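I have placed the structure first, in the form of structure tokens, so that the comments after it can refer back to it.
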Protein chains: 2
Amino acid sequence: MIGAGIKRGTAELAVLSVLEDGPLHGYELARRIEQQTKGALRFTLAALYPMLYRMEQRRWIRGAWETSDNGRRRRCYRLTPAGKKKLSPLRQEWSELFQALRRLKKVAHA
Amino acid sequence: MIGAGIKRGTAELAVLSVLEDGPLHGYELARRIEQQTKGALRFTLAALYPMLYRMEQRRWIRGAWETSDNGRRRRCYRLTPAGKKKLSPLRQEWSELFQALRRLKKVAHA
DNA sequence: CTTTACATGTAAGATTCTTATATATGAAAG
DNA sequence: CTTTCATATATAAGAATCTTACATGTAAAG
């Protein structure tokens with residue numbers, strides 16, 4: 001059955017997907033998600049930061065403080081091997097959710 | 001942007017979709033959702049009943065007590081016109097969510 | 001009689017996401 | 001130079017959804 005966490009938790013997939021392309025800090029992550037979905041998906045930073053923290057606890061991502069060129073302190077997150085491994089079954093589950101919802105529509109007037 | 005309620009709330013779409021086919025009571029609704037999604041989506045009745053109540057408050061469905069052939073008391077829900085109207089923009093939003101996630105990275109066979 | 005299927009609910013709790021608030025620096029505009 | 005905008009991180013309070021566990025009762029089947 002499709003896991004409980006999958007039905008909400010769009011953000012989790014979004015973060016892992018974007019981080020797959022390379023390490024990023026929170027602020028930029030939020031912008032990428034918005035850009036890459038053409039504004040369809042938007043997460044406020046207040047939603048994002050606690051989630052990054054949770055994902056770090058689960059060892060899916062690892063954060064490290066760094067100082068950018070312009071002297072700003074920021075926390076840069078990268079996927080861990082565990083996070084990479086998580087991604088493909090996660091996508092699989094999402095795919096199954098899509099299918100399930102599509103079936104409901106079809107069968108609903110079959 | 002995709003509404004906050006859409007990212008969770010699979011159940012809402014599922015219930016409305018199944019009720020589109022005709023009036024049903026809660027217990028049977030749960031079974032239909034499970035059957036029609038081939039077991040991929042399952043909602044416990046404990047999740048379903050409070051939701052049916054909420055949806056009735058919003059006037060998307062209307063419940064009526066009836067007595068079945070075998071003398072059992074049960075609450076039969078049907079879509080209201082408002083509920084029917086809700087369905088198509090709801091599906092539209094879901095469709096946009098799928099698209100957005102696919103854009104982030106290819107989700108297995110979209 | 002005892003278990004399984006039918007049928008409805010409540011309670012406690014975890015999790016996720018929202019808005020609002022707080023802090024602080026660098027760069028650009030006036 | 002000083003206000004404002006973009007960068008950057010974070011917490012708090014609260015709404016909404018979904019989970020497990022609990023509670024109740026009838027009917028049919030073995």
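If you're wondering where the values come from, they're calculated on a predicted model, not measured in any experiment. Every chain is numbered from 1, with letters handed out A, B, ... down the list of sequences.
For B:Glu34, the side chain to side chain donor-acceptor pair (under 3.5 Å) partners at least two apart in sequence or on another chain are B:Arg42. Every residue was checked against the side chain to side chain donor-acceptor pair (under 3.5 Å) condition with A:Arg72, not counting sequence neighbours, and none meets it. Residues satisfying the side chain to side chain donor-acceptor pair (under 3.5 Å) criterion with B:Glu28, sequence neighbours excluded, are B:Arg31, B:Arg32. Every residue two or more places apart in sequence or in another chain was checked for a side chain to side chain donor-acceptor pair (under 3.5 Å) with B:Glu93, and none qualifies.
Mapped onto DNA chain C by nearest heavy atom, A:Gly5 and B:Arg75 fall at different nucleotides, with B:Arg75 at the one closer to the 5' end.
Looking at heavy-atom distances under 4.0 Å, B:Thr10 makes contact with sugar-phosphate atoms alone, never a base.
The salt bridge (Lys or Arg N to Asp or Glu O under 4.0 Å) pairs that include a residue from residues 46-55 of chain B number zero, where partners must be two or more places apart or lie in different chains.
For A:Glu12 and C:dC17, the CD to C1' distance is 13 Å, given to the nearest whole Å.
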Output side-chain donor-acceptor pairs under 3.5 Å for residues 2-14 of chain B, partner residues at least two apart or in another chain, one line each.
from    : atom 1 : to      : atom 2 : distance (Å)
B:Glu12 : OE2    : B:Arg58 : NH1    : 2.8

Identify all side-chain donor-acceptor contacts of residues 18-27 of chain A below 3.5 Å with residues at least two apart in sequence or on another chain.
from    : atom 1 : to       : atom 2 : distance (Å)
A:Glu20 : OE1    : A:Arg91  : NH2    : 3.2
A:Asp21 : OD1    : B:Lys105 : NZ     : 3.0

What pairs of nitrogen or oxygen atoms, one from the protein and one from nucleotides 20-28 of chain D, lie under 3.5 Å apart?
from   : atom 1 : to      : atom 2 : distance (Å)
D:dA27 : O4'    : B:Arg72 : NH2    : 3.2

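Contacts between residues 48-57 of chain B and DNA chain C, defined by a heavy-atom separation under 4.0 Å, are made by B:Tyr49.
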